[in-house]
Amino acid sequence: MRYNRLKDLGMNEEQLRKDLLLPADLKLGSTMQAAMDKDAAKQVYGVAPPDLSVISRSRSPELAVYLSAQFLCG
């Protein structure tokens with residue numbers, strides 16, 4: 001998932017940079033980094049975890065909209 005996809009949730013560029021504490025030189029088109037690296041995940045879970053944001057959007061756009069609404073309400 002890329003930072004600029006958060007604009008779909010109604011956040012503007014200023015909010016993204018301020019609220020997520022993004023470095024000034026980070027491009028909003030950059031992909032987000034997972035908190036756990038793939039090697040650690042593979043060691044703990046046996047496999048590297050998939051990017052569920054991309055999978056859910058590709059399989060069910062309605063699910064992505066639902067999850068986005070939960071994020072806004074939550």
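This structure is a prediction, so every number in the text was calculated from the model and none was measured.
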Got a second to check how far Leu20's CG is from Leu22's CG, nearest 0.5 Å? 5.0 Å
Under the salt bridge (charged side-chain N to carboxylate O under 4.0 Å, His left out) rule, collect the residues that match up with Arg2, sequence neighbours excluded. none
Is any NZ, NE, NH1 or NH2 atom of the basic residue among Asp39 and Lys42 found under 4.0 Å from an Asp or Glu carboxylate oxygen of the other? no
What donor-acceptor contacts under 3.5 angstrom involve side-chain atoms of residues 10-17, with partners at least two apart or in another chain?
{"unit_1": "Asn12", "atom_1": "OD1", "unit_2": "Glu14", "atom_2": "N", "d": "3.1"}
{"unit_1": "Asn12", "atom_1": "OD1", "unit_2": "Gln15", "atom_2": "N", "d": "2.8"}
{"unit_1": "Gln15", "atom_1": "OE1", "unit_2": "Asn12", "atom_2": "N", "d": "2.9"}
{"unit_1": "Arg17", "atom_1": "NH1", "unit_2": "Pro23", "atom_2": "O", "d": "3.2"}
{"unit_1": "Arg17", "atom_1": "NH1", "unit_2": "Leu26", "atom_2": "O", "d": "3.1"}
{"unit_1": "Arg17", "atom_1": "NH2", "unit_2": "Leu26", "atom_2": "O", "d": "2.8"}

